[in-house]
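See structure below.
Only this structure's heavy atoms are used, side chains among them; waters, hydrogens and symmetry mates stay out.
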Amino acid sequence: MPALPEIDHPAHLASARPEGGGAEPLAVHPKVFRDELAAAADWVASYLQGVGQRPVTRPMPLAHRQAMATGSLPQDGQDLGSLLEFVDRAVAPYPTGNGHPAFFAWINSPPSPAGVIAELLATAVNATCGMGEHALMDLERGVLRDLASLAGLAPTAGGVLTSGGSMANLLCLGAARTWFLRQNDATDGPAYDRAHARLVAYHGDQAHMSVAKAAAVIGLPPWRLRAVPTTPDRSMDVDALRAMVDADRAAGLLPFCVVSNLGSTATGAIDPIEAITRVCQRAGLWHHGDGAWGGLGALVPELAPSYRGVAALDSLTVDPHKALSVPVGCGAALVTDPSRLRDAFTFRASYLEGDQEWPWMSDYTIELTRPGTRALTLWATLRHLGRSGVVALLQRYQDLARYLRHRVQEHPQLELCASGPLPVVCFRLADRPQAGRQGEVDPHTAVAARVQARGHAYLATVSHDGQTILRACVCNHLTTTDHVDVLLREVLAAADHLQTVQ
């Protein structure tokens, strides 16, 4: 091959040429990189193995919070070893749950072993799973079909992986709006504006706050997002929904979507899917199911009756990072007809020309740059579990919640308030009045705070019939009946302490 000719650079470009002798700033010697990876892997294995032996939470000193929040970029770079030392010293010692088996407050799961490994591998591949061709985008399509099948959706269902349930709810409401406006020939400027100003959506009064956020982002003001009353079991009152839809239509408004709750955060209640679908079909509304926590409940025999009709949903939110322990950052927006997501979110630029036969995943969402970690961590976790393992995992949570209910019911100092059907238990201290005077601390709030501060277990409070009560949910594959017993001992000890200081 002949030598390339020398290029004579103009003098005014000489200063723009990089210096040839300088070190590449991100370069790391291969042996150093391997050694640090091995050290990090050892640390991760030890950390996860010892989670249950450490406190559930540890308050962060104010000085440490201030130091962390201030920023402290040095002039010169540091070696990789300082990263592990920093995490071990400044991050890991201050958890709030973070996988502890005695954490019962929120729906936070520990990472699955397969997910931890897959996260590392996907990070190394570092794919942008929004555009172009990449195996992880095709893997995402396949794992979404698996997830939709587990949820009981129609075989046509697909969608997109998201950062979590909040983003999934946003995408599904956005798709619902676009679908409804197209159905009503309101896609041009004036017609769109007139129709959009009359859109109304509905959700039960136990809905997750992300539904209201999603409605606000798509331009729906609070006064056109209706909170439907719920029945004593905390599920949506379908008769009230029907009456509200009819009244809004009679007033010249445009009802377009109902959001059902497939597992409320507060009490684990499930809305009546089939009855709500009938209302939606009669009135031409989109039916979205918020199953961020409970979207896979149809797999559990004791829960399956509550999920009859799930295949008729137009869309469904599922968070694999909740019930399946996929590492945090993996939700899913599942749509019976995935093209409706594309109708809402496909945009084109001259520098980005997508494939019509294999649409880019960015066509289904508002994200163009998307990590490949979601697809691989979900795939790895599902492959590790298998369908039978998924069922067994969900059933385990049900069994532990049932054990907790029984322990509460048999103890004279405790009273069961609300429970399930998903694995959450709400209870109160028997014969203990609520706070009466202004400024007085509610006893249940005080008990929960003391339990949290002691660090042996962790639970939350929730408002129930206008009163503050205790709430514990089970969503950790490491949790055992021993941890449930610890929780109750801590609650009772905190209650006894409260009485002695009053």
Only pairs at least two apart or in different chains count here, so list each salt bridge (charged side-chain N to carboxylate O under 4.0 Å, His left out) that has a residue in residues 94-118.
none

For Thr468 and His444, which I'm curious about, is there any donor-acceptor pair between the side chains at under 3.5 Å?
no

Run the numbers on Phe427 and Ile469 for side-chain contact (heavy atoms from CB on, under 4.5 Å), then give the verdict.
CA-CA 6 Å; Phe427 60 102; Ile469 59 174; over 6 Å; no

Test item: Asp146 side-chain N/O and Leu382 main-chain N/O as donor-acceptor pair under 3.5 Å
no

Quick one about Ser235 and Thr231 (side-chain donor to acceptor, distance below 3.5 Å, no hydrogens or angles considered), yes or no?
yes

Contacts of His64 that satisfy ring pair (Phe, Tyr, Trp, His ring centres under 6.0 Å) - sequence neighbours left out:
Tyr94

Close side-chain approach of Arg405 to Val408, heavy-atom, < 4.5 Å
no

Any Met236 side-chain heavy atom under 4.5 Å of Ile276 side chain:
yes

Measure the spacing between CG of Leu220 and CG of Leu225 and express it to the nearest 0.5 Å.
6.0 Å

Does one side chain, of Asp343 or Thr178, offer a donor that lies under 3.5 Å from an acceptor on the other?
no

Answer yes or no: is there a donor N or O on one side and an acceptor on the other, between the side chain of Ser362 and the main chain of Gly130, under 3.5 Å?
yes

Atom CG in Leu341, atom OG1 in Thr346: separation rounded to 0.5 Å?
9.0 Å

Does the side chain of Leu376 reach to within under 4.5 Å of the side chain of Leu139, using non-hydrogen atoms?
yes

Mind checking what makes ring pair (Phe, Tyr, Trp, His ring centres under 6.0 Å) contact with Phe103, not counting sequence neighbours?
Trp106, Tyr458

Restricting to non-hydrogen atoms, name the atom on Val51 and the atom on Pro101 that form the minimum distance, rounded to 0.1 Å.
CG1-CD, 4.3 Å

For residues His287 and Ser260, is any side-chain donor paired with an opposing acceptor at under 3.5 Å?
yes

Of all pairs that satisfy ring-ring contact (aromatic ring centres under 6.0 Å, His included), the ones with a partner from residues 191-214, not counting sequence neighbours:
Tyr192-His196

Can you find a heavy atom in the side chain of Glu133 that is under 4.5 Å from one in the side chain of Trp358?
no

Between the CH2 atom in Trp286 and the CH2 atom in Trp179, the distance rounded to the nearest 0.5 Å is 7.5 Å

Pairing residues for Phe33 by the ring pair (Phe, Tyr, Trp, His ring centres under 6.0 Å) criterion, not counting sequence neighbours:
none

Just wondering, more than 12 heavy atoms not from His384 lying within 6.0 Å of its NE2?
no

What one should report as the nearest heavy-atom pair of Val143 and Ala375 is CG1-O, 4.4 Å

Would a distance-only check, ignoring hydrogens and angles, find a side-chain to backbone donor-acceptor pair under 3.5 Å from Asn261 to Gln206?
yes

Among pairs that include at least one residue of residues 248-276, which meet salt bridge (charged side-chain N to carboxylate O under 4.0 Å, His left out), considering only residues two or more places apart or in two chains?
Arg226-Asp248

Only pairs under 3.5 Å count here: list side-chain donor-acceptor contacts from residues 293-302, not counting sequence neighbours, and write none if there are none.
from	atom 1	to	atom 2	distance (Å)
Glu302	OE1	Gln395	NE2	2.9
Glu302	OE1	Arg402	NH2	2.8
Glu302	OE2	Gln398	NE2	3.1
Glu302	OE2	Arg402	NH2	2.7

Restricting to non-hydrogen atoms, name the atom on Val160 and the atom on Arg370 that form the minimum distance, rounded to 0.1 Å.
CG2-NH2, 3.4 Å

The reported gap from CD1 in Ile107 to SG in Cys475 (rounded to nearest 0.5 angstrom) is 6.5 Å

For Val259, is there any backbone N or O sitting under 3.5 Å from a side-chain donor or acceptor partner on His288?
no

For the atom pair CG (Leu400) and OG1 (Thr480), what is the distance rounded to the nearest 0.5 Å?
7.5 Å

Minimum heavy-atom distance Pro111-Leu48, with the two atoms named:
CG-CD2, 4.1 Å

CZ of Arg282: more than 12 outside heavy atoms within 6.0 angstrom?
yes

Spell out, as yes or no, whether a donor-acceptor pair under 3.5 Å connects the side chain of Thr57 to the backbone of Pro95.
yes

Evaluate the side-chain proximity of Val258 to Leu241: yes if any heavy-atom separation is below 4.5 Å, no if none is.
yes

Side chain Ser163, main chain Gly329, donor-acceptor under 3.5 Å
no

So, the side chain of Asn476 versus the backbone of Leu478: is there a donor-acceptor pair under 3.5 Å, distance only?
yes

Minimum side-chain heavy-atom gap Leu470-Thr461 below 4.5 Å:
yes

For the residue pair Thr479 and Arg396, what are the closest heavy atoms and their distance?
O-NH2, 2.7 Å

If I take atom CZ from residue Arg224 and atom CG from residue Leu253, how far apart are they, to the nearest 0.5 angstrom?
7.5 Å

Any heavy-atom pair between the side chains of Arg387 and Leu150 that's under 4.5 Å?
yes

Greater than 12 external heavy atoms within 6.0 Å of Arg242's CZ:
yes

Can a donor-acceptor pair be found, under 3.5 Å and without considering hydrogens, that links the side chain of Asp319 to the backbone of Lys322?
no

Only distances under 3.5 Å count here; give the side-chain donor-acceptor pairs of residues 115-128 to other protein atoms, sequence neighbours excluded, each with its distance to 0.1 Å.
from	atom 1	to	atom 2	distance (Å)
Thr123	OG1	Glu119	O	2.7

Tell me, which pairs form a salt bridge (charged side-chain N to carboxylate O under 4.0 Å, His left out) where one or both residues lie in residues 463-478, sequence neighbours left out?
Arg234-Asp465

Test side-chain contact (heavy atoms from CB on, under 4.5 Å) on Asn98 and Asn108; report intermediate values, then the result.
CA-CA 7 Å; Asn98 295 119; Asn108 290 349; over 6 Å; no

Could you check whether any side-chain N or O of Ser306 sits under 3.5 Å from a backbone N or O of Pro272, counting only pairs where one atom can act as donor and the other as acceptor?
no

Residues forming a ring pair (Phe, Tyr, Trp, His ring centres under 6.0 Å) with His134, sequence neighbours excluded
none

Tell me whether Asn184 contacts the main-chain N or O of Phe180 through its side chain, where contact means a donor paired with an acceptor under 3.5 Å.
yes

Decide salt bridge (charged side-chain N to carboxylate O under 4.0 Å, His left out) for Asp193 and Arg198; before the verdict, give the C-alpha distance in whole Å, the side-chain angles of both, and the deciding distance to 0.1 Å.
CA-CA 9 Å; Asp193 291 342; Arg198 294 184 290 147; over 6 Å; no

Taking atom types as modelled, is there a side-chain donor on Asn169 or Thr317 under 3.5 Å from an acceptor on the other?
yes

Any side-chain heavy atom of Val484 sitting closer than 4.5 Å to one from Phe104?
yes

Minimum-distance pair of heavy atoms, taken over all atoms of Leu316 and Gly291
CD1-N, 3.9 Å

In chain order, what residues pass the side chain to side chain donor-acceptor pair (under 3.5 Å) check against Thr162, with sequence neighbours excluded?
none

Side chain to side chain donor-acceptor pair (under 3.5 Å) partners of Ser112, counting only residues at least two apart:
Thr381

